[in-house]
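Below you'll find the structure, written out as structure tokens, and then a few comments.
Along the sequence shown, the residues carry numbers beginning at 1.
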Amino acid sequence: MQESESTQEKEDGTIRHISFYSGIIQTMGYDPQYALLEIRLVGDGKVRQYSDVPEETWYHLRESYHPDTYYHRHICGCYKEYVVLEGSA
């Protein structure tokens, strides 16, 4: 299992992140109402937010045997990316 059983709840209540064990992904979360995917990368610790991500893509990322590869092939560069400023996340 790649996911941690613990979760991180953001103080502003927006998107709940799950801890994720992979080479590059530290945590991630998805808001189906707004089709927003957030991913915190291990390297720089910054949260990247992707808009208009179908829920199916979120499920495929979570269930992927190689989530890092899935992220690079199907998310990074495929959706608009915003870096969430510290204090906004």
Side-chain angles (χ1 to χ4, degrees):
M1 182 175 210
Q2 296 173 332
E3 297 174 27
S4 165
E5 296 300 321
S6 65
T7 59
Q8 283 183 315
E9 188 70 43
K10 293 189 171 185
E11 289 183 15
D12 62 4
T14 54
I15 298 177
R16 183 177 60 152
H17 279 218
I18 57 172
S19 295
F20 202 76
Y21 301 111
S22 82
I24 63 169
I25 300 170
Q26 182 177 359
T27 66
M28 60 186 182
Y30 183 74
D31 183 339
Q33 183 176 358
Y34 297 102
L36 290 175
L37 173 65
E38 287 188 351
I39 296 178
R40 180 182 302 275
L41 298 181
V42 171
D44 61 10
K46 293 182 180 177
V47 174
R48 284 154 174 81
Q49 188 176 79
Y50 300 90
S51 57
D52 300 321
V53 177
E55 195 165 357
E56 179 177 290
T57 300
W58 161 244
Y59 289 124
H60 286 162
L61 174 63
R62 285 183 58 186
E63 297 169 3
S64 175
Y65 187 69
H66 299 287
D68 298 343
T69 301
Y70 189 88
Y71 168 73
H72 282 296
R73 288 186 181 165
H74 302 284
I75 296 169
C76 188
C78 297
Y79 299 98
K80 284 189 177 184
E81 178 182 302
Y82 305 93
V83 176
V84 179
L85 299 176
E86 200 66 33
S88 301

Please round to the nearest 0.5 Å and tell me the distance separating atom CG of D44 and atom CD of Q26. 10.0 Å
Measuring from atom OH of Y50 to atom CE of M28, what distance do you get when rounded to the nearest 0.5 angstrom? 12.0 Å
Separation of Q33 CD from I15 CD1 (nearest 0.5 Å): 10.5 Å
Can you give me the closest heavy-atom contact between E81 and C76, atom names plus distance? OE1-SG, 4.4 Å
For T27 against S19, the heavy-atom pair lying closest together: CG2-CA, 4.1 Å
Any donor-acceptor N/O pair, R40 side chain to V47 backbone, under 3.5 Å: no
Cluster check I24, V53: I/L/V/M/F/W/Y, side chain < 4.5 angstrom: yes
Find the distance between CD1 (I75) and CZ (R48) and round it off to the nearest 0.5 Å. 13.0 Å
Honestly curious: do Y79 and Y59 fall in one hydrophobic cluster under the side-chain, below-4.5 Å linking rule? yes
Calculate, to the nearest 0.5 Å, the distance between atoms NE2 and NE2 belonging to H60 and H74 respectively. 9.0 Å
Are Y82 and L41 in one and the same hydrophobic cluster, where Ile, Leu, Val, Met, Phe, Trp and Tyr link if side-chain heavy atoms are under 4.5 Å apart? no
Rounded to the nearest 0.5 Å, what separates atom CG in L85 from atom NZ in K46? 9.0 Å
Just say parallel, tilted or perpendicular for the rings of Y30 and W58, cut-offs at 30° and 60°. parallel
Between Y70 and V42, is there a shared hydrophobic cluster once you connect ILVMFWY residues whose side-chain heavy atoms come closer than 4.5 Å? no
